[in-house]
Amino acid sequence: MTTNEIKKLDNENVIQTYARFDVAIDRGEGATLYSPEGKEYIDFSSGIGVNSIGYGNKKWADAIYAQALKLQHVSNLYYSEPYARLAETLIKRTGMKSVFFANAGADANEGMIKLARKYSFDKYGKDRGRSTIISLKQSFHGRTITTLAATGQDVFHNYFFPFTEGFKHILANDIEAIKCEMTDDVCAVIIEFIQGEGGVLPLDENYVKEVSHLCSKHDILLLADEVQTGVGRTGTLFAFEQYGIVPDVLSFAKGIAGGLPLGGFLANEKCKAVLVAGTHATTFGGNPVAAAGAIEVFRQLDEKALKEVAEKGEYIEKELKSWNIPVIAEVRGKGLMIGISLADMTPKEIAQKCVENGLLILTAGTDALRMLPPLTISYEEINKGLKILKAILKGTHK
Ligand SMILES: *Cc1c(COP(=O)(O)O)cnc(C)c1O
């Protein structure tokens, strides 16, 4: 089918919740995508931080093909090897103590929130009412009713009332603000180390350390939403490693299975046994094909690959800064999670021009372009993509 035929079919039949670009993607190789007509796009987005090990990754494809032939799904009433092996890998490589597998980011966060509330219920009882969760302004935690309630951006608190109770949003990087809000009813704090959708806004290291300290002092759980920052994105396997703290629970999704739907959360010693049989479940969680894909992702994301993510990130940041283009107000982020805040141009308008010129790039918050390329992107592809971006920011393209 041609792009126009696909577009027509989509527009006639799909609930149009996505403001799509005028582009269809047919296939990919490395970090390069192709339309049905063969137009080439350098991919600085990986879906939205999903295709962590690129396109046409033979070993990954072989792993999921073999698993699909062998067993594509098994109920969580039974044990299965990919599930158990992936769990072992995650525990070994993070130092956390146990894992629950879900399907995506929002439902991973839902489970993490349930865990936090049950932890306090078990320990302090219903009457003490420790159920409130503090979240940060500009955060994003998902699109379900509860994770929208957790999301600290007013634009999301519309239409779908009533939202789940028990969330309060405070200014990020303001330690006095969070101290004031750590009242007797609070059971947890949820953070993103770098707020992705909010604009690629990193939390200060000292702030995170202080919050972690206050949390343990008051027996408040620190929940880290690593749905976007996790799985190598920031140059370490998970972002918490760069902040010198360990969260009580951390959620993951997006890049974990290299493009297949999988999410979940990891719990520390204190939280590993809070959820027991019957308290949480999901039909597809830990699907064997997705788990086989994830095992291969972690195999490829060894120490060397993670180091390269950090180096590529530094390279891109240095390049962007060397351009000296006034429209670039700030470059921020870590590893291959990079935000470029723009002075005079709207990010949407730049992203649109990039697409027209063969570069897929994301936006974030109100003022930022966002790069989340496949972690395996080559320097050649980085340079090709940067060349397109530079020309557009300099205004030399149409
Ligand atoms: C994308 C994202 C989510 C939601 O994940 P879905 O898979 O879309 O449900 C939650 N938290 C963060 C930080 C995200 O980036």
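As the structure lists them, so they are numbered: ligands from 1, and atoms in each ligand from 1.
- Inside a 4.0 Å radius of atom 8 (O) of ligand 1 there is not any protein heavy atom.
- Residues K270 and D219 are paired through a salt bridge, judged by an N-O separation under 4.0 Å between the basic side chain and the carboxylate.
- Checked for salt-bridge contact, K384 and E380 miss the test: no charged N lies under 4.0 Å from a carboxylate O.
- Interface of N109 with ligand 1, defined as ligand atoms under 4.0 Å from a residue heavy atom, comprises 10 (C), 11 (N).
- A salt bridge links E176 with K179: the closest approach of a Lys/Arg side-chain nitrogen to an acidic carboxylate oxygen falls below 4.0 angstrom.
- In summary, E296 and R299 engage in a salt bridge, as defined by a charged side-chain N under 4.0 Å from a carboxylate O.
- Within ligand 1, counting atoms from 1 as listed, the ones closer than 4.0 Å to a heavy atom of D225 are 10 (C), 11 (N), 12 (C), 13 (C).
- Scanning the protein heavy atoms around atom 6 (P) of ligand 1, the nearest turns out to be G105 N, 3.4 Å.
- Comment: R130 does not engage D184 in a salt bridge, judged by the lack of any side-chain N to carboxylate O separation of less than 4.0 angstrom.
- Within ligand 1, counting atoms from 1 as listed, the ones closer than 4.0 Å to a heavy atom of E192 are 13 (C).
- Between A106 and ligand 1, at least one N/O pair is under 3.5 Å apart.
- For H157 and H169, the gap between ring centers is short of 6.0 Å.
- Close approach of ligand 1 to H141 (heavy-atom distance below 4.0 Å) involves ligand atoms 10 (C), 11 (N).
- By the criterion of a heavy-atom distance under 4.0 Å, neither the backbone nor the side chain of A253 is placed next to ligand 1.
- With K254, Q228, R233 as candidates, the residue nearest to atom 1 (C) of ligand 1 on a non-hydrogen basis is K254.
- For the pair N57 (side chain) and G54 (backbone), a donor-acceptor distance under 3.5 Å is absent.
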